[in-house]
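One-based numbering along the sequence shown. Being a predicted model, the structure only gives us computed values, none of them experimental. First listed ligand is number 1; within each ligand, the first listed atom is number 1.
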Amino acid sequence: MATFIIKGGKRLEGEIAVSGNKNAALPILAATVLTDDECIIDNLPAIKDVDTMLALLRDLGKIVERVDAHKVSIRGAVTHATPNPDLVQKMRASILLLGPLLARTGQATLGLPGGCVIGRRAVGTHFDALAALGADIEGVEESYAATLRAPRPASIFLDEVSVTATENALLLAASIPGETTIDNAACEPHVADLAEALNKMGTTVNGGGSNLLTIVGKKKLGGFAHRVKPDHIEAGTLMIAGACTKSRLIIRDVRREHLQMMLIYFARMSMNLRFLDDTTIEVLPSELRAGSQKFQTRPWPGFPTDLMSPLIVLATQAHGTALCHDWMFESRMFFVDKLIAMGANITLCDPHRVLVSGPTQLRGQPLSSPDLRAGAALVIAALAASGTSHIDNAQLIDRGYADLIPRLKQVGADIERIE
Ligand code: EPU
């Protein structure tokens with residue numbers, strides 16, 4: 001177990017660069033199963049989930065070589081189709097291997113994927129989409145056994161706008177000759193980034209970033225070189241960290257087109273932000289105001305659920321009462337008890353909604369990170385608080401935020417890690 005020790009109340013100052021997008025890196029790494037040719041993937045975030053996916057690929061027989069901390073070369077054939085169950089249970093994104101393994105070997109046995117406990121996370125949408133493409137999937141004891149007897153292109157309408165189900169369907173359809181359509185598809189930037197990588201492999205995906213994808217698959221796909229796009233969730237998290245600590249922080253390597261809804265919400269909170277150029281944004285100190293507004297998560301291009309926990313911390317520093325609503329995950333909001341212990345004025349209305357009244361001076365506390373995004377939110381709260389906070393279970397934060405401690409230290413945070 002790791003603990004972060006944070007002495008709060010310091011203003012941050014300087015520049016910080018955004019890492020590659022975790023949720024783009026994971027499906028793009030899974031796509032390497034679709035070919036034996038060399039795939040070179042750059043701008044990978046140095047996070048635990050990427051390490052887990054690389055370990056899964058190695059275990060499947062792929063030759064994985066680190067070129068540097070952010071770049072890998074992956075080649076060679078998979079030698080079996082049963083991803084290591086111990087690795088599979090480390091993260092939900094292991095399920096992204098199902099589509100590519102079916103495409104390459106015609107079968108796959110996958111243990112139950114793990115991941116953050118933030119609510120019921122069904123797999124039905126994945127299975128329906130893969131079944132439409134010709135797969136049979138059944139639950140066998142603690143795993144799923146899938147076979148692809150009759151691969152066929154299909155016209156798919158997803159019952160949920162699921163990010164990883166869209167990606168799984170894309171990954172399998174990419175290798176099935178003929179035209180597949182995926183309607184009610186997820187539109188997130190990471191889905192579009194995967195579509196771009198698949199196009200480099202020889203398939204033709206149109207509509208990436210929209211809710212209607214068409215894929216013209218190809219039996220044999222080739223290698224590719226791809227640079228993962230920056231992580232808009234990390235960009236938003238850093239902006240919130242800057243605003244909560246009343247800092248002057250320059251955030252580099254952002255994509256303006258990925259920030260649109262966040263910028264609307266941040267402006268509603270009177271955050272002081274300005275673009276220095278197309279990929280650099282500056283956060284300046286400001287008097288935050290939430291009025292009595294509602295902030296809610298929506299499927300992309302709406303406000304992302306993965307930024308809701310940090311947004312709640314932002315609301316604790318703003319004048320007024322914010323209603324924060326996350327309809328997606330049933331357990332996302334439960335971490336607010338930790339903010340309440342720090343002095344925040346929050347009412348949990350039901351599992352999906354909290355009322356946050358501010359501003360409040362947060363006080364450092366012994367804390368524990370319940371999941372990745374709540375962990376990041378607690379780091380921000382501790383940076384803004386008076387006194388010292390100890391955040392236990394901080395290894396969960398390593399799953400999605402690269403080198404957080406050195407990067408925050410570099411901009412003046414008083415933060416240490418102990419194991
Ligand atoms: N949902 C619905 N109806 C919908 C769409 C979604 O009820 O139309 C519900 C789902 O049932 C589920 C939740 O919303 O409970 C999220 O659904 P989705 O299937 O999209 O989630 P996912 O594909 O398993 C990915 C990300 C998550 C992120 C969600 C939502 C990856 C590897 N994971 O998960 O990322 O929260 O999309 O945007 O891409 C994280 O990075 O911390 C993380 C959890």
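Between Trp300 and His232, a ring centre-to-centre spacing shorter than 6.0 Å is recorded.
When the options Leu96, Leu158, Ile95, Val163 are ranked by their closest heavy atom to atom 25 (C) of ligand 1, first place goes to Val163. Residue Asp306 holds the heavy atom nearest to atom 28 (C) of ligand 1 of all those in Asp326, Asn168, Asp306. The option from Arg298, His126, Arg332, Glu160 that lies nearest to atom 1 (N) of ligand 1, judged by heavy atoms, is Glu160.
Salt-bridge check for Lys409 with Asp403: failed, with every basic side-chain N at 4.0 Å or more from each acidic carboxylate O. Checked for salt-bridge contact, Glu15 and Arg407 miss the test: no charged N lies under 4.0 Å from a carboxylate O. Looking at Asp37 and Arg75, no side-chain N of the basic residue comes within less than 4.0 Å of a carboxylate O on the acidic one, giving no salt bridge. Using a cutoff of 4.0 Å between basic side-chain nitrogens and carboxylate oxygens, Lys71 and Asp68 are not scored as salt-bridged. A salt bridge is absent between Asp231 and Arg255; no separation between the charged side-chain nitrogens and carboxylate oxygens falls under 4.0 Å.
Close N/O approach between Trp327 and ligand 1 is not found [any backbone or side-chain N/O within under 3.5 Å]. Residue-to-ligand polar distances keep Asp159 apart from ligand 1: every N/O pair is separated by 3.5 Å or more. Close N/O approach between His190 and ligand 1 is not found [any backbone or side-chain N/O within under 3.5 Å]. For ligand 1, one of its N or O atoms has an N or O atom of Thr164 under 3.5 Å away. Close N/O approach between Thr305 and ligand 1 is not found [any backbone or side-chain N/O within under 3.5 Å]. For the pair Val161 and ligand 1, the shortest N or O to N or O distance falls below 3.5 Å.
Interface of Arg92 with ligand 1, defined as ligand atoms under 4.0 Å from a residue heavy atom, comprises 24 (O). Per-residue contacts place Lys22 under 4.0 angstrom from the following atoms of ligand 1 (heavy atoms of the residue considered): 40 (C), 41 (O). Every atom of ligand 1 is numbered from 1 in the order shown, and the set under 4.0 Å from a heavy atom of Arg373 is 40 (C), 41 (O), 42 (O). Heavy-atom proximity to Leu372, at under 4.0 Å, picks out these atoms of ligand 1: 42 (O). Interface of Ser162 with ligand 1, defined as ligand atoms under 4.0 Å from a residue heavy atom, comprises 18 (P), 19 (O), 20 (O), 23 (O).
In terms of modelled atom types and a separation under 3.5 Å, the side chain of Glu234 and the main chain of Ser19 share a donor-acceptor contact.
Only one option out of Tyr265, Phe295, Trp327 pairs with Phe303 in a ring pair (Phe, Tyr, Trp, His ring centres under 6.0 Å); it is Tyr265.
Every residue two or more places apart in sequence or in another chain was checked for a ring pair (Phe, Tyr, Trp, His ring centres under 6.0 Å) with Phe334, and none qualifies.
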